[in-house]
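Heads up: the structure comes next, in structure tokens.
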2 protein chains.
Amino acid sequence: MKGYLWTGGHGSPSNPDAPVIEGRLAPWEAIAVDAVGNVIEFWGFKRNQGRVWALLYLRGEPLTAGEIERELDLSKGGVSMLLRDLERWGVIQRVRLPQDTVWRYGAETDLVRMVRHVIEEREAGFVARIRADLSEARRLAEVAGTVPSERLERLEKMATLAEHVERALRLFIKTSRLDVSGVLAVFRDGASRRNER
Amino acid sequence: MKGYLWTGGHGSPSNPDAPVIEGRLAPWEAIAVDAVGNVIEFWGFKRNQGRVWALLYLRGEPLTAGEIERELDLSKGGVSMLLRDLERWGVIQRVRLPQDTVWRYGAETDLVRMVRHVIEEREAGFVARIRADLSEARRLAEVAGTVPSERLERLEKMATLAEHVERALRLFIKTSRLDVSGVLAVFRDGASRRNER
DNA sequence: GGTGCAGTTCAAGCGGTCTTGAACTATATG
DNA sequence: CATATAGTTCAAGACCGCTTGAACTGCACC
């Protein structure tokens with residue numbers, strides 16, 4: 001609703017009653033784009049990061065920031081930041097067509113990389129931190145000398161629990177990495193194997 | 001992590017008649033409790049749910065709501081709601097000691113159940129929704145008849161991606177379920193196998 | 001240099017979630 | 001029955017992250 005681009009130049013200036021022409025996005029596209037946005041949000045990212053990727057992927061050809069802004073009804077600044085994130089994670093590519101002066105952005109096929117990347121990063125710093133905290137707690141408790149051994153034991157068990165959770169998380173990351181190969185295969189060989197499920 | 005270190009001046013070190021003596025929480029306890037709070041928050045729950053569970057688990061004996069309120073410096077209403085959630089998920093138990101008039105709450109050993117429970121629940125409704133949305137998008141696109149087949153293909157690939165992600169998630173849940181048995185084993189047989197990693 | 005457009009940055013505002021604290025119910029006790 | 005304490009509910013507000021929109025830079029072309 002609030003981008004300002006379409007208020008000026010390119011719209012249908014003939015009809016002042018039609019307030020907004022934003023929705024060039026077809027209904028089916030809107031649904032698909034939002035579905036991806038929801039998934040991605042579920043995984044701890046910004047909803048609009050998923051929507052941008054989905055739009056670029058569905059269109060198949062690189063779009064400009066302005067087009068994305070209009071199609072998804074986002075602000076100029078927002079699009080800039082979203083694109084930067086996506087590019088940094090390697091899930092979109094910035095390209096400049098030969099005789100063209102503006103940047104365009106195209107989707108890489110594996111969105112999963114994005115999920116993996118950030119999950120991994122998070123996990124790294126995070127789990128390390130937790131472990132450090134728990135050892136510190138253990139150290140303090142031992143130094144104090146006044147802590148009943150039975151409680152110390154519980155503390156140690158808690159650390160073990162953390163390790164188990166960590167292991168499950170690692171496994172998950174590894175799994176989804178494996179899974180990518182399947183996904184990429186699907187993406188690579190044309191339309192051959194749809195509906196295989 | 002904002003580290004709610006309640007370093008405020010509520011000192012009142014050694015005064016038997018002081019009205020309220022919060023912060024009986026030993027430093028090592030505070031660290032451990034917060035560590036669990038952070039993990040749990042990472043998994044999409046409330047930080048204080050994790051802190052309450054951790055406190056109950058570390059203490060080993062059931063505490064009253066009032067004690068929890070004081071130790072963790074939470075509000076009365078908040079504790080009530082947190083305990084209700086935790087009880088509903090089966091990770092704490094409400095007990096009434098024989099000659100006692102108040103409820104006390106004790107930790108079950110497997111916090112993982114909580115994570116699993118809610119993740120499963122979320123996943124169920126969520127993934128179903130995504131799939132429904134994507135088929136709807138496909139239906140609309142086909143009905144429209146004007147969508148280039150190449151884009152339809154992309155839409156289908158996107159659905160496939162969603163299925164793959166779903167499969168990874170399912171696997172993860174299954175994995176963490178398996179993992180629980182390991183964790184529970186640790187909890188059951190004393191302090192035997194620490195540091196096995 | 002000047003104009004206009006593409007792109008970036010960031011303070012301010014918005015919206016959604018969590019916590020608080022007061023009012024309320026429930027239960028035990030003299 | 002009055003009182004006190006335990007426990008619940010929920011509106012108001014604190015809090016925090018995301019988005020916006022304006023000011024800015026950079027670049028191309030006239």
Side-chain angles (χ1 to χ4, degrees), chain A residues 1-11 20 22 34 37-38 40-52 62-70 72-88 92-105 118 122, chain B residues 1-6 8 19-20 22 34 37-38 40-52 62-88 92-105 118 122:
Chain A
M1 304 165 203
K2 19 253 122 244
Y4 54 79
L5 258 190
W6 54 72
T7 58
H10 78 75
V20 200
E22 79 212 49
D34 284 351
N38 290 335
I40 239 47
E41 187 177 29
F42 175 84
W43 286 98
F45 302 85
K46 298 185 195 169
R47 176 189 161 78
N48 281 330
Q49 286 166 352
R51 300 211 315 142
V52 168
L63 301 186
T64 68
E67 284 162 344
I68 296 168
E69 183 186 339
R70 257 169 274 129
L72 299 183
D73 195 15
L74 298 171
S75 69
K76 194 176 158 157
V79 169
S80 173
M81 289 186 295
L82 293 171
L83 288 174
R84 183 149 42 78
D85 294 338
L86 293 172
E87 196 187 358
R88 182 155 41 86
I92 66 172
Q93 238 176 1
R94 179 193 293 237
V95 297
R96 174 112 58 176
L97 299 186
Q99 72 289 26
D100 207 347
T101 170
V102 302
W103 287 109
R104 289 173 180 275
Y105 303 85
V118 179
R122 256 188 227 153
Chain B
M1 337 312 91
K2 49 230 157 152
Y4 276 35
L5 296 195
W6 340 93
V20 185
E22 64 208 74
D34 285 350
N38 290 336
I40 239 47
E41 186 177 32
F42 176 82
W43 286 98
F45 302 85
K46 297 186 196 169
R47 174 189 162 81
N48 281 329
Q49 286 165 352
R51 299 212 313 142
V52 169
L63 302 185
T64 68
E67 284 162 344
I68 296 169
E69 184 186 336
R70 255 169 278 129
E71 298 287 13
L72 299 183
D73 194 15
L74 299 171
S75 68
K76 193 175 159 162
V79 170
S80 173
M81 289 185 295
L82 292 172
L83 288 174
R84 182 149 43 76
D85 294 338
L86 293 172
E87 196 188 358
R88 182 156 41 86
I92 66 171
Q93 238 177 359
R94 180 193 293 239
V95 298
R96 173 110 61 176
L97 298 187
Q99 72 289 24
D100 207 347
T101 170
V102 302
W103 287 109
R104 289 173 180 276
Y105 302 86
V118 179
R122 258 186 225 154

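Note: hydrogens, waters and symmetry copies are ignored here, and every other heavy atom, side chains too, is used.
With C:dG7, D:dT19, C:dC18 as the candidates, the nucleotide lying closest to the side chain of A:Lys76 is C:dG7. For B:Trp103, whose side chain is taken as the heavy atoms from C-beta onward, the closest listed nucleotide among C:dT8, D:dG7, D:dG21 is D:dG7. If you check D:dT19, C:dG7, D:dG7 against the side chain of B:Tyr105, the one that comes closest is D:dG7. Comparing atom distances between the A:Ser75 side chain and each of C:dA28, D:dG21, C:dT9 picks out D:dG21 as nearest. Comparing D:dT19, D:dG7, C:dA6 by their closest approach to the side chain of A:Lys46 singles out D:dT19.
Taking all atoms of both residues into account, the shortest heavy-atom contact from B:Val79 to B:Ala65 is CG1-O, 3.8 Å. What you find for A:Thr64 and A:Val102 is that their closest heavy atoms are CG2-CG2, 3.8 Å. A:Gly50 and A:Ile40 get closest at one heavy-atom pair: N-CG2, 3.6 Å.
Within the 4.0 angstrom heavy-atom criterion, only backbone atoms of the sugar-phosphate kind lie near B:Arg84; the bases stay farther away. As judged by a 4.0 angstrom heavy-atom cut-off over every strand, B:Arg94 is placed among residues touching the sugar-phosphate backbone only.
Nearer to the 5' terminus of DNA chain C, by closest-nucleotide assignment, is the contact made by A:Gly77 (compared with the other of A:Gly77 and B:Gly77). Where A:Met81 and B:Met81 meet DNA chain C, the nucleotide closest to each residue was compared, and A:Met81 sits on the side nearer the 5' end.
Rounded to whole Å, the distance from CG on A:Leu74 to P on C:dC14 is 19 Å. Atom-to-atom, CG of A:Leu63 to C1' of C:dG7 comes out at 16 Å; the value is rounded to the nearest Å. Here C:dA22 presents its C1' atom at 13 Å from CD of B:Glu69, a figure rounded to the nearest Å. Rounding to whole angstrom units, CZ of residue B:Phe45 and C1' of C:dC18 are separated by 16 Å. Between the CD atom of A:Gln49 and the C1' atom of D:dG17 there is a distance of 12 Å, rounded to whole Å. Here the P atom of nucleotide C:dC18 and the CG atom of B:Leu72 are 18 Å apart, to the nearest Å. A straight line from CG of A:Leu82 to C1' of C:dT8 spans 13 Å, rounded to a whole angstrom. The distance between atom CG of A:Asp100 and atom P of C:dC5, rounded to the nearest whole Å, is 15 Å.
Note on B:Asn48: a side-chain N or O is less than 4.0 Å away from OP1 or OP2 of C:dT19.
Looking at heavy atoms from C-beta onward, A:Ile92 lies out of side-chain contact with A:Val52 at the 4.5 angstrom threshold. Under the 4.5 Å side-chain criterion, counting only non-hydrogen atoms from C-beta, A:Arg47 is in contact with A:Asp34.
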